[in-house]
Q: 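Got a structure for you, written out below as structure tokens; questions coming shortly.
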Amino acid sequence: MSQYSRRNPHTVRRRRRKKRPKIFTRGMRIALFCVFIFFLFSFGGLFIRIYSIDKNEGDRYRKSALSQHAYTNTILNYQRGTIRDRNNTTLAVSIRKYDLVLEARTLLANDEQRIETVTAISEYFTFDKTVLEDVIVKNPTSMYLHIDGLRQLDSEMVDGFKEKMKDNKNIKGVWFEETYTRNYPLGSVACSLIGFLSSDQSGSYGVEESYNDVLSGTTGREYGYFDADMNLQRTIKEAKDGNSVMLTIDANVQQIVEQEIADFQKNGVGAKRIGVMLMDPNNGEILAMASDKTFDLNNPQDLSSMYTQQQIEAMKPEKKNKKLLDMWSNFCIASDYEPGSTFKPFTIVAGLDENLINDDTSFFCRGYKKVVDTTIRCNNRSGHKTLDLRHSLMESCNVALMEIGQSLGRAKFFRYNKLYGFGQRTGVDLPGEQSGLVFTKERLNPVELATSSFGQTQTVTMVQMLSGFCSIINGGDYYHPHIVREIQNSNGDVVDRINPVVVKKTTSEDTSKKIRSYLESTVKEGTASPAKVKGYSVAGKTGTAEKHKNGKLLKGKYLVSFIGCVPADNPEVAIYVIVDEPNVRDQAHSTFATEFAAKLMKKVLPFLGQYSAK
């Protein structure tokens, strides 16, 4: 055996290692490094570009992306609070309605469903099919389309269509959005008191405006999107309904007042303007407030209640707007005028409280009084001769009142004017109240003091006069006049009750008792005798005021009035009637107002819990 044929364990044979080939040559490594650097810079540049796009145009691209999805963001409307009278009669209410909404994209995705849906809508709602098709085609990606003519749909009609949808599964891409419309069940009743809604659904005039924040609720919102299977995934923030208000007025009494005004204008003497107010003298609650200006609350832009169609058509836009503003205005709080002799009880009360006069004080009337260099006439040109205080009011003697005013002097007269609330707003909870115009203390010169003492040359509003009058006949408590009695939430729970507020004391109980007695005598035997109502004890005072404009006398133009209360000894109802420029040649007769007041009281007093003592 060859010595080389067998491995010798003692012999270590070195084997020659084979050389492994090199995978990356130096040139290749350099090339790879260059490629890596290239991609690194490329991705860096791309990242910078993406960042730049996101920063500068990200919102646009995101909106574009979102527009490809069926997102919804729908407002949920609240129900505006109801307005009711003191007996819970509804005067204003928001009625639930529905707007039809179409999903154009859903309908265009399936021709069969689109055709059946459009056909069903057009047939059920008697609507032009081509209009529906046109709207859908013009808005192919929309999921929220309102259709003019398919808004404000009644609940009954919508419920019927929903039943139709249940029966026909091919009616797709249509749903109904809940909304509300304001309705005034009694039409024009208490229109200037209630007010209406403007185009933006906020209150205009009356309680709708002054209590807009109370009546308004909070809108809700529905957020959501349609998934791949067109199932609506949504989150809802519920709407919060507005609170309701209960008024102090009696709707039955308000209607009677308005009917009597309309009858006087149509079948009676008629006048340029009439205003009527009724108030509870023991708490300041307004029981009724009306004028000859009325309109339909459900259509407040309609002037037909005041003018003929021919007159309306002849009006230019500016004139029409002016007429609308005049029609909507509340005469009882927004118009001032010279009150005339209905102001005399205030001057007498001031004189009594200052101990300048009493029951035994007498006055001599020659039919006029010379004040400085001005001769001021009494209503009785031949003179009343000698009168005591009671008969001075009963006969409405201007001379006696001028002497009382003179005794008071400018400072005290001005102070009492302010105390009774003249020349300032009462703060009644209605918009548009005016303050009237009275002389400042400095301008109450002898002539101005004399004429102001019997109700001429200074102006007042009806709400001022009646509020002040109530205070001097109820024992001296001046109550804050108000039209809202309480506020209720949507569940009917009372959240706020407007309790009577005594703002100030205007006279003493003793003086109040005296003036009530004088006023009762004025109705029983004096100038206000036409105001008598059989079975009732009525106290009151008439007024006949010459009208002025820009300081100049309007010859032959008069505003006549009556202010009074029932029962005379313990007043529960106060009434004030204004008849501005009666449609007769001889206007200077307060009987137009007193007879109207008597007729009205006979009808409304039973509704107010005052019954005839037969």
Q: May I ask you to check whether over 12 heavy atoms, not counting those of K504, lie within 6.0 Å of atom NZ?
A: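 Counting other residues, nucleotides and ligands, NZ of K504 exceeds 12 neighbours.
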Q: Among pairs that include at least one residue of residues 563-584, which meet salt bridge (charged side-chain N to carboxylate O under 4.0 Å, His left out), considering only residues two or more places apart or in two chains?
A: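 Applying salt bridge (charged side-chain N to carboxylate O under 4.0 Å, His left out) to every pair that reaches into residues 563-584, excluding sequence neighbours, yields K272-E581, K547-D580, K547-E581, K557-E581.
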Q: Assign the ring pair F343 / F413 to parallel, tilted or perpendicular, where the plane angle (0 to 90°) is split at 30° and 60°.
A: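 F343 and F413: tilted rings.
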Q: Run through T527, I515, L387 and flag the one making a side chain to side chain contact (heavy atoms under 4.5 Å, CB included) with L393.
A: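 Checked T527, I515, L387 against L393; only one passes side chain to side chain contact (heavy atoms under 4.5 Å, CB included): I515.
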Q: Any heavy-atom pair between the side chains of L287 and I249 that's under 4.5 Å?
A: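 Answer no - side chains too far apart.
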Q: Kindly assign one of parallel, tilted or perpendicular to the pair Y205 and F196, based on the angle between their ring planes and the thresholds 30° and 60°.
A: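 Parallel.
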Q: Between F439 and N417, is any pair of side-chain heavy atoms under 4.5 Å apart?
A: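 They are not in side-chain contact.
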Q: Is there a side-chain hydrogen bond (donor to acceptor under 3.5 Å, both in side chains) between S216 and R80 once you walk through the steps?
A: CA-CA 5 Å; S216 297; R80 189 176 177 86; 3.2 Å; yes
Q: Is the closest side-chain heavy-atom distance between V560 and F596 below 4.5 Å?
A: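 Side chain of V560 against side chain of F596, heavy atoms only: no contact under 4.5 Å found.
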Q: Is D353 paired with K514 through a side-chain N to carboxylate O contact shorter than 4.0 Å?
A: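 Answer for the salt bridge query: no.
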Q: Measure from NZ or CZ of K240 to the centre of the six-membered ring of Y78, then state whether that distance is under 6.0 Å and the direction lies within 45° of the axis.
A: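 Output no; distance or angle outside limits.
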Q: Are K293 and R273 close enough that some pair of their side-chain heavy atoms sits under 4.5 Å apart?
A: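 Counting from C-beta outward, K293 and R273 do come under 4.5 Å.
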Q: Quick one: does K541's side chain get under 4.5 Å of F469's, heavy atoms only?
A: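 The answer is no; the side chains never approach within 4.5 Å.
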Q: Closer than 3.5 angstrom, by distance alone: can the side chain of T511 be matched with the main-chain N or O of T507 as a donor-acceptor pair?
A: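 Absent.
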Q: Using side chain to side chain contact (heavy atoms under 4.5 Å, CB included) as the criterion, point out the one residue from V501, N499, I498 that pairs with H482.
A: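 Among V501, N499, I498, the one meeting side chain to side chain contact (heavy atoms under 4.5 Å, CB included) with H482 is I498.
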Q: Does the side chain of H384 come within less than 4.5 Å of V399's, by heavy atoms?
A: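 They are not in side-chain contact.
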Q: Does a salt bridge link R516 with E520, judged by any charged N lying under 4.0 Å from a carboxylate O?
A: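 Answer for the salt bridge query: no.
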Q: Can you label the angle between the Y337 ring and the Y576 ring as parallel, tilted or perpendicular, going by 30° and 60°?
A: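 Taking Y576 first and then Y337, their aromatic rings sit tilted (interplane angle of 30° to 60°).
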Q: Can you see which heavy atom on P185 is nearest to which on V93, and at what distance?
A: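 Of all heavy-atom pairs spanning P185 and V93, the closest is CG-CG1, 4.4 Å.
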Q: Establish, from distance only, whether the side-chain atoms of E208 and Y184 form a donor-acceptor pair under 3.5 Å.
A: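 On atom types as modelled, these side chains qualify, holding a pair under 3.5 Å.
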Q: Mind checking whether H589 and F592 have parallel, tilted or perpendicular rings, split at 30° and 60°?
A: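 Ring orientation of H589 relative to F592: perpendicular.
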Q: Under 4.0 Å between a side-chain nitrogen and a carboxylate oxygen: does that hold for E486 and R86?
A: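 Not counted as a salt bridge, because no side-chain N and carboxylate O are separated by less than 4.0 Å.
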Q: Check the angle between the aromatic planes of F346 and Y420 and answer parallel, tilted or perpendicular using the 30° and 60° thresholds.
A: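 Answer is tilted, since the angle falls between 30° and 60°.
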Q: Given M462, which partner from the list S561, S291, S335, C332 fulfils the side chain to side chain contact (heavy atoms under 4.5 Å, CB included) test?
A: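 Running side chain to side chain contact (heavy atoms under 4.5 Å, CB included) over S561, S291, S335, C332 with M462 returns exactly one hit, C332.
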